[in-house]
Amino acid sequence: MGDEVILLNFWLSPYGIRVRIALEEKGIKYENREEDFSKKSPLLLQMNPVHKKIPVLIHNGKPICESLIAVEYIDEVWNEQSPLLPSNPYQRAQARFWANYVDTEVYKRAMRFWTTEGEEREAAGQEFLECLKLLEEQLGDEPYFGGNNFGFVDVALVPLFCYFYTFSLYGNFISEVQYPKIISWAKRCTQRESVFKSFPQEQRVKEHVSHKRNKG
């Protein structure tokens, strides 16, 4: 019998997209189970009793919570192909540092941008762009944050571009003139089958965002 892999997820979650990309990169067969936030399933409450949030990766009945931890777990367990973390200890530490930066700094500002209005939203947007400038310097002239290999930091960051750039939900918020390297990186990533397959449909995202705005 093979491994049983289940992902408790919500289709719009950038955190869930991370885990899906990692699974697709490794060619792992898995079942994606959609969760309803208004009525969380007994399985979600059982598998993540602390935070009661998605995504939760369930491998042979055992839960792994938090998206970056799940991505790292996937990389360690299915280590025969498409490594996401470098083998060199220093490079691996650097990848973890920048993935954590994406998680704690970049996503935080993105969430503020999405959930606030007026001056606060404008300030969050500017802070987000400043984070992108720093990441662009870190990327340099490499095709990926993992150098020639699509890796851990790429998986951590690319779901944001599903909303900010790829779907053009916010017009020209990220200027290709100002951020040419990060935009080239985003285009390169979204052409990967693992990323393309993990992104939700653009029209569905735009309808969801439009509905939320009209409701608000």
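- Panel note: side chain D75, backbone L85; a donor-acceptor pair is recorded below 3.5 Å.
- Hydrophobic clustering, with ILVMFWY side chains joined whenever heavy atoms are under 4.5 angstrom apart, keeps V177 apart from L132.
- Not a single donor-acceptor pair under 3.5 Å links the side chain of K26 to the backbone N or O of I74.
- Between I58 and V56, the closest side-chain pair of non-hydrogen atoms falls below 4.5 Å.
- A salt bridge between E136 and K181 is absent, with no side-chain N of the basic residue lying under 4.0 Å from a carboxylate O of the acidic one.
- From L135, atom CG reaches atom CD of E130 across 12.5 Å, with rounding to the nearest 0.5 Å.
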Between E72 and R96, does a side chain to side chain contact (heavy atoms under 4.5 Å, CB included) hold up when you go through it step by step?
CA-CA 9 Å; E72 193 161 352; R96 287 181 176 131; 2.5 Å; yes

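- Evaluation of the side chain to side chain contact (heavy atoms under 4.5 Å, CB included) rule for E137 yields K133, L134 as partners, not counting sequence neighbours.
- Here the shortest heavy-atom pairing between N9 and G16 reads OD1-CA, 3.2 Å.
- Going from atom CG of D3 over to atom NZ of K29 covers 12.0 Å, rounded to the nearest 0.5 Å.
- If you take CD1 on I6 and CG on N32, they are separated by 10.5 Å, rounding to the nearest 0.5 Å.
- No donor-acceptor pair under 3.5 Å is formed between the side chain of S13 and the backbone N or O of F10.
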Taking it one step at a time, do R33 and L43 satisfy side chain to side chain contact (heavy atoms under 4.5 Å, CB included)?
CA-CA 10 Å; R33 291 191 189 176; L43 183 60; 3.3 Å; yes

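- Rounded to the nearest 0.5 Å, atoms OG (S198) and CD1 (I17) are 7.5 Å apart.
- Separating the CD atom in Q138 from the CD1 atom in I182 is a distance of 10.0 Å, to the nearest 0.5 Å.
- Tested against Y107, the residues Y101, W114, Y15 include a single ring pair (Phe, Tyr, Trp, His ring centres under 6.0 Å) partner, Y15.
- Closest non-hydrogen pair, L68 versus A99, comes out as CD1-O, 3.6 Å.
- V158 approaches C189 most closely through the heavy-atom pair CG2-CB, 3.6 Å.
- Note: W78 and H59 have tilted aromatic rings, judged against thresholds of 30 and 60 degrees for the angle between ring planes.
- With rounding to the nearest 0.5 Å, the separation of CE in M47 from CG in L57 is 11.0 Å.
- Classification of K62 and E4 as a salt-bridged pair fails, no side-chain N sitting under 4.0 Å from a carboxylate O.
- F196 is not connected to L7 by any chain of hydrophobic side-chain contacts under 4.5 Å among Ile, Leu, Val, Met, Phe, Trp and Tyr, and they are in different clusters.
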K108/E105 under side chain to side chain contact (heavy atoms under 4.5 Å, CB included): CA gap, chis, key distance, verdict
CA-CA 5 Å; K108 180 172 71 176; E105 300 298 330; 4.0 Å; yes

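- Residues L44 and F37 share a single hydrophobic cluster, defined by chaining ILVMFWY side chains whose heavy atoms lie under 4.5 Å apart.
- In this structure N88 satisfies the side-chain hydrogen bond (donor to acceptor under 3.5 Å, both in side chains) test with no other residue, sequence neighbours excluded.
- Using a 4.5 Å heavy-atom cutoff, the side chains of Q81 and E25 are not in contact.
- No side-chain heavy atom of C65 sits under 4.5 Å from any side-chain heavy atom of V50.
- Every residue was checked against the side-chain hydrogen bond (donor to acceptor under 3.5 Å, both in side chains) condition with R92, not counting sequence neighbours, and none meets it.
- Looking at I183 and S175, their side chains never come closer than 4.5 Å, going by heavy atoms from C-beta outward.
- In this structure, R121 forms a cation-pi arrangement with F113, its terminal cationic atom sitting closer than 6.0 Å to the ring centre and no more than 45° off the ring axis.
- By the neighbour-count criterion of 12 heavy atoms within 6.0 Å, atom CD of E122 is sparsely surrounded, having that number or fewer from other residues, nucleotides or ligands.
- Minimum interatomic distance between I21 and P159 (heavy atoms only, all atoms of both residues): CD1-CG, 4.5 Å.
- Heavy atoms of other residues, nucleotides or ligands lying less than 6.0 angstrom from CD of E193 number 12 at most.
- What you find for V153 and A95 is that their closest heavy atoms are CG2-O, 3.4 Å.
- Pairs passing the side chain to side chain donor-acceptor pair (under 3.5 Å) check and including a residue from residues 40-56, sequence neighbours excluded, read E35-S41.
- Put simply, the residue from F150, W185, W98 that forms a ring pair (Phe, Tyr, Trp, His ring centres under 6.0 Å) with Y144 is F150.
- When atom types are taken as modelled, the side chain of D36 and the backbone of S38 share a donor-acceptor pair closer than 3.5 angstrom.
- Residues passing the side-chain hydrogen bond (donor to acceptor under 3.5 Å, both in side chains) test with Y179: none are found, sequence neighbours excluded.
- Using a 4.5 Å cut-off on side-chain heavy atoms (C-beta onward), P55 and R20 make no contact.
- Every side-chain hydrogen bond (donor to acceptor under 3.5 Å, both in side chains) that R18 has, sequence neighbours left out, goes to S67, D103.
- You'll find the side chain of V71 reaches within 4.5 Å of the side chain of F152, heavy atoms only.
- A donor-acceptor pair under 3.5 Å is formed between the side chain of D154 and the backbone N or O of F145.
- Salt bridge R192/E24: absent, no basic N to carboxylate O contact under 4.0 Å.
- A heavy-atom distance below 4.5 Å is found between the side chains of F128 and V106.
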